[in-house]
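What follows is a single structure, written as structure tokens, with notes after it.
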Amino acid sequence: MASAVFLLDLKGKPLIARDYRGDIPLTAIDRFMPLLQEREDEDGTGLPVMTENGVTYLHLREKDVYMVALTRKNTNSMTLLQFLHHLSKVFTEYFKTLEEESIRDNFVIIYELLDEMMDYGIPQITEPKILQ
């Protein structure tokens, strides 16, 4: 179960934030970029799952956007990473490219899609054709 989902630019500034459970303060996302930079591999990519102070950060990078799910529960990490991957596919289907500008131009649709795709932190419908 995800507590919150964020879409961030490359500097870590939130573009979209959706809190599902209210058990993690939204300011916890401020630790994501420093944590990612601390744990980067030598090839420049960070691990997709990181934990600090009881908060688990799961992320996926698509072009100039980080999609990040936060959770405090003992959750199945692959489920949330798969959800982020499906989220990327849905956004690409809707906006043709998933990048910072398309997110800024379509934030209302993105919030509606996030509400349809996840209910109280549990992934629901992730198939683009069904959502359309």
Side-chain angles (χ1 to χ4, degrees):
M1 280 197 287
S3 295
V5 173
F6 289 86
L7 301 178
L8 310 173
D9 65 11
L10 286 179
K11 295 178 183 173
K13 181 182 171 205
L15 303 169
I16 299 283
R18 182 67 176 99
D19 186 8
Y20 290 102
R21 303 182 52 82
D23 60 345
I24 297 176
L26 293 180
T27 57
I29 196 64
D30 296 339
R31 280 295 302 144
F32 172 71
M33 286 308 285
L35 192 61
L36 183 65
Q37 291 169 350
E38 289 171 11
R39 299 183 183 186
E40 280 185 338
D41 302 29
E42 54 264 348
D43 66 350
T45 59
L47 301 172
V49 180
M50 303 173 292
T51 302
E52 183 180 75
N53 296 331
V55 177
T56 303
Y57 299 83
L58 302 105
H59 79 279
L60 176 70
R61 180 176 170 186
E62 188 74 36
K63 294 188 183 177
D64 62 349
V65 175
Y66 283 104
M67 293 181 288
V68 184
L70 276 64
T71 184
R72 194 176 289 277
K73 302 279 184 192
N74 185 8
T75 188
N76 183 342
S77 298
M78 279 309 297
T79 300
L80 287 179
L81 287 172
Q82 190 71 18
F83 172 77
L84 293 176
H85 177 71
H86 282 283
L87 191 64
S88 169
K89 283 180 21 181
V90 167
F91 290 166
T92 303
E93 182 91 14
Y94 269 77
F95 314 128
K96 303 301 178 225
T97 59
L98 177 57
E99 52 192 26
E100 185 177 343
E101 188 169 330
S102 64
I103 290 171
R104 291 186 191 278
D105 292 343
N106 298 290
F107 72 93
V108 173
I109 295 170
I110 290 173
Y111 277 114
E112 290 176 7
L113 286 169
L114 286 172
D115 287 341
E116 280 296 318
M117 294 176 71
M118 189 171 276
D119 187 28
Y120 196 62
I122 302 170
Q124 302 292 318
I125 302 169
T126 58
E127 183 60 39
K129 298 294 181 197
I130 294 173
L131 289 166
Q132 288 177 348

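Sequence positions, counted from 1, serve as the residue numbers for this chain. What you see is a predicted model, and the numbers here were worked out from it, not measured in a lab.
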(request) Specify the closest pair of heavy atoms between L70 and A28, including all atoms of both residues, with the distance to one decimal. (result) CD2-CB, 3.9 Å
(message) Using 0.5 Å steps for rounding, measure from the CZ atom of R104 to the CG atom of L15.
(response) 5.0 Å
(message) Do T71 and Y57 have side chains that approach each other closer than 4.5 Å (heavy atoms only, starting at C-beta)?
(response) no
(message) Tell me the closest heavy-atom pair linking T51 and T56, and the distance in Å.
(response) OG1-OG1, 3.5 Å
(message) Using only atom types and a distance under 3.5 Å, with no angle test, would you say the side chain of D64 pairs donor to acceptor with the backbone of E100?
(response) yes
(request) Spell out, as yes or no, whether a donor-acceptor pair under 3.5 Å connects the side chain of S102 to the backbone of F95. (result) no
(request) First locate atom CE of M1, then atom CG of L80, and finally report the distance between them rounded to the nearest 0.5 Å. (result) 10.0 Å
(message) In the structure I gave you, are the side-chain heavy atoms of T92 and T97 within less than 4.5 Å of one another anywhere?
(response) no
(request) Side-chain contact test, heavy atoms from C-beta onward, threshold under 4.5 Å: evaluate it for L98 versus M67 and give yes or no. (result) yes
(request) Apply the test salt bridge (charged side-chain N to carboxylate O under 4.0 Å, His left out) to residues E93 and K89: give CA-CA distance (whole Å), side-chain angles for both, the deciding distance (0.1 Å), then the verdict. (result) CA-CA 6 Å; E93 182 91 14; K89 283 180 21 181; over 6 Å; no
(message) With a 4.5 Å cut-off on side-chain heavy atoms, are V68 and L8 touching?
(response) yes
(request) Looking only at non-hydrogen atoms, find the nearest pair between P25 and R72 and report the distance. (result) CD-NH2, 4.1 Å
(message) Once rounded to the nearest 0.5 Å, what's the spacing between atom CZ of F91 and atom CG of L7?
(response) 5.5 Å
(request) Could you note down all residue pairs passing salt bridge (charged side-chain N to carboxylate O under 4.0 Å, His left out) where residues 6-15 supplies at least one of them, sequence neighbours left out? (result) none
(message) Please find the pair of heavy atoms, one from L10 and one from M33, that lie closest to each other, and give the distance.
(response) O-CE, 3.3 Å
(message) Can you confirm whether F107 is buried at CZ, in the sense that more than 12 heavy atoms of other residues, nucleotides or ligands lie under 6.0 Å from that atom?
(response) no
(request) Sort and list the pairs that fulfil ring pair (Phe, Tyr, Trp, His ring centres under 6.0 Å) and have at least one residue in residues 9-33, not counting sequence neighbours. (result) F32-H59, F32-Y66
(message) How long is the straight-line distance from CG of N106 back to OH of Y94, given to the nearest 0.5 Å?
(response) 11.0 Å
(request) Report the distance from atom CD1 of I16 to atom CG of L114, rounding to the nearest 0.5 Å. (result) 7.5 Å
(message) Please find the pair of heavy atoms, one from A69 and one from L84, that lie closest to each other, and give the distance.
(response) N-CD1, 4.1 Å
(message) Counting only heavy atoms from other residues, nucleotides and ligands, does the tally under 6.0 Å from CD of E38 exceed 12?
(response) yes
(message) Looking at every non-hydrogen atom in both residues, tell me the closest pair between P14 and F6 and how far apart they are.
(response) CB-CD2, 4.4 Å
(request) Only one of L60, V49, N76 passes side chain to side chain contact (heavy atoms under 4.5 Å, CB included) with L81; say which it is. (result) V49
(message) Under the rule for side-chain hydrogen bond (donor to acceptor under 3.5 Å, both in side chains), what residues qualify as partners of S3, not counting sequence neighbours?
(response) D23
